[in-house]
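The structure displayed is predicted, hence computed values, not measured ones. Just so you know, these numbers use all the heavy atoms, side chains as well, and skip hydrogens, waters and symmetry mates.
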Amino acid sequence: MTTDILTPSQTGHEQPEPAADTPKPPLRQRLFGAGGLTFPAWAYLVFFFVIPLALVIWYSFGYKPDQFTTYATDRLSLDNYGEAFGADYRSTFTNTLQIAIVGVLLTLLIGVPFAYWLAVKSNPRRRPLYLALIIVPFFTNFLVRTIGWQITLAPTGWLSSAMQSAGLGELGILYTRAAVQIGVVYNYLPLMIFPLYVAMDRAGLSLREASRDLGANRWTTFFRITLPLAAPGIASGVLLVFIPLMGDYVTPSVLGGAKGTMAGQMIAAQFETAQNWALGSAMTVSLMLVVLICVVLAGLVVRAVITVLDRRVFNVPAVDATGEKSGPLAPLTMKPLRTQRDWYTFAIKAWAVIVFLFLFLPITVIVVYSFNTGRLLQQFDSFGFTAYSDALTNDTIVRSVQVSLEVGVLSALLATVLGGFAGIGIGISRRPRWWSIGLLGLLTVTLVTPDIADAVAFLPWYVTLGVDGGLSPFNNGLFRLVISHAVVSMVVVTFIVRARVASLDPALEEAAADLYASPLARLRHVILPAAMPGIIAGMLLAFTFSLDDVVISTFVQQPGYTPWPVYVFSNVRVALRPEVAAMSTLMLALTLAVLAISALILRRSGEDSSSMAKMLG
């Protein structure tokens, strides 16, 4: 029997047409997809960061034509770069680099044992409290903390008086490079502690216990297990400290005087005093290049060190040169704890106490001196509440605080919306896309750009838009401050929210999609509730960064819109009055209240201060 196979033409049925290209999703679905959520952040950074920075680079090739003109670009040259690295300014760059390197090393030496105690040796039940004690100084106003050190290190301050009473002589450290070094180590120490704690906490207790079970002592375990696994945290901490430190403008101005001049002050002087925007732009670009070169060199050095340690220290060979098996590690000698003193544990706990005292010292000084009834802040006369009544009745102080709060709230909301959507978009994207890789690169460049570079980029851009372009909002001081603060804050919000969303179980979103939930519904009912702790932490950081900002606010402010930090900074060089400490104490109380509310919200969502520290790190 034969079987005839009929062709489609014989059966009267045509072969099916090839499937057409899959149509694009609807516009609403694309807008609330991963890529669409990142578009506002893209547009904002390009318009308020990339273009202003490109304008600064363009100005750096120009010149100052006369006394009354800030720049001209009809004739381009590299003369400004030659002058920036000339003998007159080279010493300032060298001094800045030395202070930054020493500051990074000191924060690392202080932060490593403290983070190790916090992550490994501290009581797990009390660990959230210890982390909260680190978070509080971190959220306290940067300038106010620095002023606390100015009072402490002053020849007429309390520490100098105590030394004279003990017969040790007057303290003459203020307005020297040593005072700047103390200030930068203090101000940037939390930025080193957070990533170190996160890295050591992730190292895991099981690996350390396995090392001890195999006969390794605590030093071997630390150097071969904990420290290598904490290498990413060390790298992050070094970058977080080094980059802003290179552009620090506040600390050397308050504590350094002429002997502590750094590059940030030098650049600011070209824009504010000399009115030479061309030379100031060249110095800004030069500073960014120096930071970039140092980061690349540091990366190469760290990689080389890790390679050497991995080959010669961490890699224990299974056989020796004779081909015989090498002996095991030295056995662990068990001694009863009741018959010996654990000096190691005692020393590391004592070090933790010293670090806590170091972090809270200037804050305590500001609070105590807020009750000074004298005319000058640094000279304590007697105890009273006069400073508080004077501060609350001073229209200039009240107005500056009002401006700071308005800018802080508005910029935090703007940064949270932009950074929150961008972080969610990058976090839910499970594979690299061009828009996610590009945005992460742009966010990283924005983060590693010193504040002084951002400040000098905003100023000419606002002048171009507001004065030359006739766009009146860019001549408004409140508008300038809000959009400028949001540029830096949204970067931090994006990274925090992205880390939070990326840690979520993808099955949650997949289950919602299987139940035919639209992208908008998945965003509202699944992703946003899960990402809320990160969004709250990001908003809190954005608000605090705005209250802290001095450099950007100094450049972009307009008459009638002077924020509180700028008011304080403008009075540092004259004579600070106790009203400044009184209002700073009230602002500290406000910050603590915001932290308490945020902690309550995080606790109700199942989070605590440990989670916030991990998001910050």
Side-chain angles (χ1 to χ4, degrees), residues 103-140 185-209 211 218 221-245 302 344-345 347-360 447 492 495-496 498-500 502-503 533-534 536-538 540-541 544 595 598-599 602-603 607-617:
V104 169
L105 293 177
L106 289 177
T107 54
L108 191 62
L109 292 175
I110 296 172
V112 166
F114 181 84
Y116 177 76
W117 167 82
L118 190 61
V120 179
K121 296 297 183 180
S122 64
N123 190 329
R125 294 183 179 180
R126 299 177 182 175
R127 194 168 296 158
L129 174 62
Y130 298 144
L131 287 169
L133 293 177
I134 302 297
I135 292 174
V136 169
F138 179 72
F139 280 97
T140 305
V185 169
Y186 172 82
N187 285 325
Y188 297 106
L189 181 59
L191 292 176
M192 180 66 76
I193 291 175
F194 285 133
L196 286 175
Y197 163 74
V198 172
M200 292 185 180
D201 182 65
R202 289 174 179 172
L205 178 62
S206 59
L207 293 176
R208 292 191 293 269
E209 290 180 345
S211 175
R218 57 182 44 156
T221 301
F222 176 78
F223 283 105
R224 292 191 175 182
I225 302 295
T226 306
L227 195 59
L229 292 177
I234 294 175
S236 299
V238 168
L239 291 178
L240 288 175
V241 172
F242 178 77
I243 292 170
L245 205 163
V302 169
Y344 170 81
T345 303
I348 200 169
K349 287 183 178 180
W351 184 255
V353 172
I354 293 173
V355 172
F356 278 123
L357 293 176
F358 179 69
L359 290 174
F360 279 90
L447 184 65
V492 181
F495 281 119
I496 291 177
R498 176 217 176 195
R500 175 68 182 176
S503 64
I536 293 174
L540 178 62
L541 267 180
T544 309
L595 284 174
S598 302
L602 290 173
R603 177 175 294 181
E607 307 289 339
D608 56 15
S609 57
S610 300
S611 302
M612 179 177 289
K614 292 179 180 179
M615 286 184 285
L616 295 176

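Met192 has its side chain within reach of Val238: a pair of non-hydrogen atoms, C-beta onward, lies under 4.5 Å apart. For the pair Phe356 and Phe114, the minimum side-chain heavy-atom distance is below 4.5 Å.
In this view, Tyr130 and Trp117 satisfy the ring-ring contact (aromatic ring centres under 6.0 Å, His included) rule, not counting sequence neighbours.
Here CD1 of Ile243 is found 6.5 Å from CG of Leu447. Values are rounded to the nearest 0.5 Å. The line from CD1 of Ile536 to CG of Leu540 is 9.5 Å long, rounded to the nearest 0.5 Å. Here the CD1 atom belonging to Ile134 is positioned 6.5 Å from the CG atom belonging to Leu118, to the nearest 0.5 angstrom. Ile135 CD1 to Leu359 CG: the interatomic distance, rounded to the nearest 0.5 Å, is 12.5 Å. Taken to the nearest 0.5 Å, the OG atom of Ser122 stands 7.5 Å off from the CG atom of Leu131. Phe360 contributes atom CZ, which lies 7.5 Å from atom OG1 of Thr140 (distance to the nearest 0.5 angstrom).
Closest non-hydrogen pair, Phe194 versus Phe138, comes out as CE1-CG, 3.9 Å. Across all their heavy atoms, Trp351 and Leu109 have their closest contact at CZ2-O, 4.4 Å. Contact between Gly111 and Leu196 at its shortest, heavy atoms only, is C-CD1, 3.6 Å. Across all non-hydrogen atoms, the minimal contact from Tyr188 to Pro244 is OH-O, 3.6 Å.
With Thr107 as the fixed residue, the side chain to side chain contact (heavy atoms under 4.5 Å, CB included) test singles out one of Leu245, Val241, Leu240: Val241.
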